[in-house]
A.B. asks: 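Take a look at the following structure, please.
So you know, we letter chains A, B, ... as the sequences are listed, proteins then strands, and number each from 1. Everything quoted here is computed from the prediction, not taken from an experiment.
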Amino acid sequence: MRLPSLAPVADLAGYPLSVADLAEVASILESIMEDIEALRALDLADDLEPILSFRVEPWV
Amino acid sequence: MAPSLEWPWRSLADAAAAVKAGAVSPVELTRVCLERIERVDHALHAFVSVDAERALQDARRAEREIQAGRSRGPLHGIPVGLKDNYDTLGVATRNGSRVFADRMPTEDATVWARLQEAGAVLLGKTTMSEAAWGVDFPPVRNPWDVRRNPGLSSGGSGAAVAAGLCFMAMGSDTGGSIRIPAGLSGVVGLKATYGRVSRAGVMPHTWSLDHAGPLSRRVEDAALVLGLIAGHDPRDSASASVPVGDYLADLKKGVRGMRIGVPREHFWDRIEGRVATVVRQALHDLEAAGAKLTEVSIPHMPTALGAILVTEMASVTAWHDKYLKQPERRAKYTPEVRALMDAGKLIFATDFLKAQRLRRALTDQVRAAFDGVDALATPTLPLCAWDISESHVQIDGQPEHVLHACWRFTYPWNLTGLPALSVPCGFAAELPVGLQLVGRPFDEATILRAGHAYQEATRWHERRPPDPVARAG
């Protein structure tokens, strides 16, 4: 693994991430990328606002 | 009076009525549970800590109160378990993690305070996976087959109830962790509407998805407990100010005329054939009891996994961040959980917000699916309990990680915040299968009524698992 190219990733965490840590993180991200890509690919209506938590309003 | 050894298999409601009538004493109930824990839990690991002395002390006090003609409430003298993420004054609460090995709460979780007010006796804390995310040590065993997993982070609570170690145990559910162990261990699990039950004093996992709720052997018991723990709590910012109903009042009204929607998408794809067969039969049983089944459509359902993944990963990391920054604490996370939390640092804000927009779109579609129906019904899981040594299973000929597979049918109801109940509905190859019933917001009464009607029409909940000690050899 070429750490220098991943150094900004380690910095982003805000605490030291070893090469081994980064390898684990890469493995996890790889395992979920398909689902994240599917989320990114969704075409949602422009007026659809996020709900940050459950709200009963849409049901009323 | 029933023989003592039968008590752990009786329902909470039966035991509570017997205590009230003086037919059994709280001390006897507590002793029977403690003796059973002593005899079989070394094969199950359902409890991470048991305080027998304190439990007996509380039971003796409950007994004195009964003798003096004073009843604390519907759980007077009833032994229960609490997942290890519920704060208990003076009793260690570790969140299943070495990071919190020495954590001693100075206040009770609101739910535990309410259960105590109703008279419950705490046997101990049930085993949970690390930070409600990783693995548990030693792994909790499924009472139906000790080689198998009892199901995710509230697995200890599910195993404890299924094995007759207590009358009810509390769990928590971020993507299915009450309903999954309920389904895999053959017990009832209830996740009420988001905000219905206070999470104050329950260690957070994902703020916008976390729910607290009971696991029990009977739907009636879940209804009884919900009536005690539901209601607004100023200590929980997400707590809803919605009136709490009498969940026992309409419980026995049956399902005649109840309209139950069965989603077309998602819940029948990639499911073990033996599980689908059992759940289809359960739907027929509900129909035979008078329910009207109708197919509904929720097109976004299959695409929602990314939404819960990014929401959960970012939220868990945000809460644990201050501990991850402390080298001595960071070292106490297992490498697997630590890596998940590190990966949570790399969830982009744009993806997080897209996930919350998808939540809204999914909620709108689910609301539309509820037009003309009173509840939805689905399988709780696409598979039965898997071997503890397995990380992947084959479903429909496709390999899938067990953790990926097991929450596919439960997490949508965390994203939408709707109440959901898992009820045992049969067995496939001697392993339990669960039926999931989903209600409108704050309409727990309808799904409890349907679940109770199903249990009245069938007898699956009366089956007992084999002796775990004999099975463990």
A.B. asks: Apply ring-ring contact (aromatic ring centres under 6.0 Å, His included) to His300(B) and list each qualifying residue two or more places apart in sequence or on a separate chain.
C.D. replies: none
A.B. asks: Taking the side chain as C-beta and beyond, is there a heavy-atom pair between Arg40(A) and Asp351(B) under 4.5 Å?
C.D. replies: yes
A.B. asks: Quick one, Ile36(A) and Met313(B) - any side-chain contact, counting heavy atoms below 4.5 Å?
C.D. replies: no
A.B. asks: Is the Phe442(B)-Trp59(A) ring centre distance short of 6.0 angstrom?
C.D. replies: no
A.B. asks: Looking at His401(B), Arg330(B), Lys325(B), Met341(B), which makes the most heavy-atom pairs under 4.5 Å with chain A?
C.D. replies: Arg330(B)
A.B. asks: Below 4.5 Å from any heavy atom of chain A, which atoms of Leu309(B) appear? Answer side chain, backbone, both or neither.
C.D. replies: side chain
A.B. asks: For chain A, which of Thr311(B), Thr363(B), Leu209(B), Thr350(B) has the most heavy-atom pairs under 4.5 Å?
C.D. replies: Thr363(B)
A.B. asks: Report the C-alpha separation of Ser53(A) and Tyr194(B) in whole Å, then their side-chain angles, then the decisive distance to 0.1 Å, and conclude whether the side chain to side chain contact (heavy atoms under 4.5 Å, CB included) test is met.
C.D. replies: CA-CA 9 Å; Ser53(A) 190; Tyr194(B) 184 81; 3.2 Å; yes
A.B. asks: May I ask you to check whether over 12 heavy atoms, not counting those of Glu30(A), lie within 6.0 Å of atom CD?
C.D. replies: no
A.B. asks: Got a donor-acceptor contact below 3.5 angstrom from the Arg357(B) side chain to the Ala45(A) backbone?
C.D. replies: yes
A.B. asks: Measure His404(B) against the heavy atoms of chain A and call it side chain, backbone, both or neither at under 4.5 Å.
C.D. replies: side chain
A.B. asks: Please examine the side chains of Thr193(B) and Phe54(A), heavy atoms only from C-beta on, and report whether any two atoms are closer than 4.5 Å.
C.D. replies: yes
A.B. asks: Would you say Glu49(A) and Leu353(B) make side-chain contact, with heavy atoms under 4.5 Å?
C.D. replies: no
A.B. asks: Taking side chain as C-beta onward, heavy atoms only, is Leu39(A) less than 4.5 Å from Leu305(B)?
C.D. replies: no
A.B. asks: Quick one: what part of Val242(B) sits under 4.5 Å from any heavy atom of chain A, side chain, backbone, both or neither?
C.D. replies: neither
A.B. asks: Please report the shortest heavy-atom distance between Leu48(A) and Ala361(B), naming the atom on each side.
C.D. replies: CD2-CB, 3.6 Å
A.B. asks: Are there residues of residues 230-241 of chain B whose heavy atoms fall under 4.5 Å of chain A's heavy atoms? If so, which?
C.D. replies: none
A.B. asks: Could you tell me the separation between the CD1 atom of Ile51(A) and the CG atom of Leu358(B), rounded to the nearest 0.5 Å?
C.D. replies: 9.5 Å
A.B. asks: Just give me the residue among Leu415(B), Leu418(B), Thr317(B), Asp342(B) that pairs up with chain A most often, heavy atom to heavy atom, under 4.5 Å.
C.D. replies: Asp342(B)
A.B. asks: To the nearest 0.5 Å, tell me how far Ser31(A) OG sits from Leu340(B) CG.
C.D. replies: 8.0 Å
A.B. asks: By a 4.5 Å heavy-atom criterion (distance strictly below it), what part of Leu324(B) contacts chain A: side chain, backbone, both, or neither?
C.D. replies: both
A.B. asks: Check each atom of Ile28(A) against the heavy atoms of chain B and say whether the ones under 4.5 Å are side chain, backbone, both or neither.
C.D. replies: side chain
A.B. asks: Given 3.5 Å as the limit, does a donor-acceptor pair link the side chain of Lys354(B) with the main chain of Leu42(A), or not?
C.D. replies: yes
A.B. asks: Can you measure from CZ (Phe352(B)) to CG (Leu52(A)) and round to the nearest 0.5 angstrom?
C.D. replies: 6.5 Å
A.B. asks: How about Glu34(A): does its CD atom have over 12 heavy atoms from other parts shown lying under 6.0 Å from it?
C.D. replies: no
A.B. asks: Name the region of Asp364(B), side chain, backbone, both or neither, that has any atom closer than 4.5 Å to a heavy atom of chain A.
C.D. replies: side chain
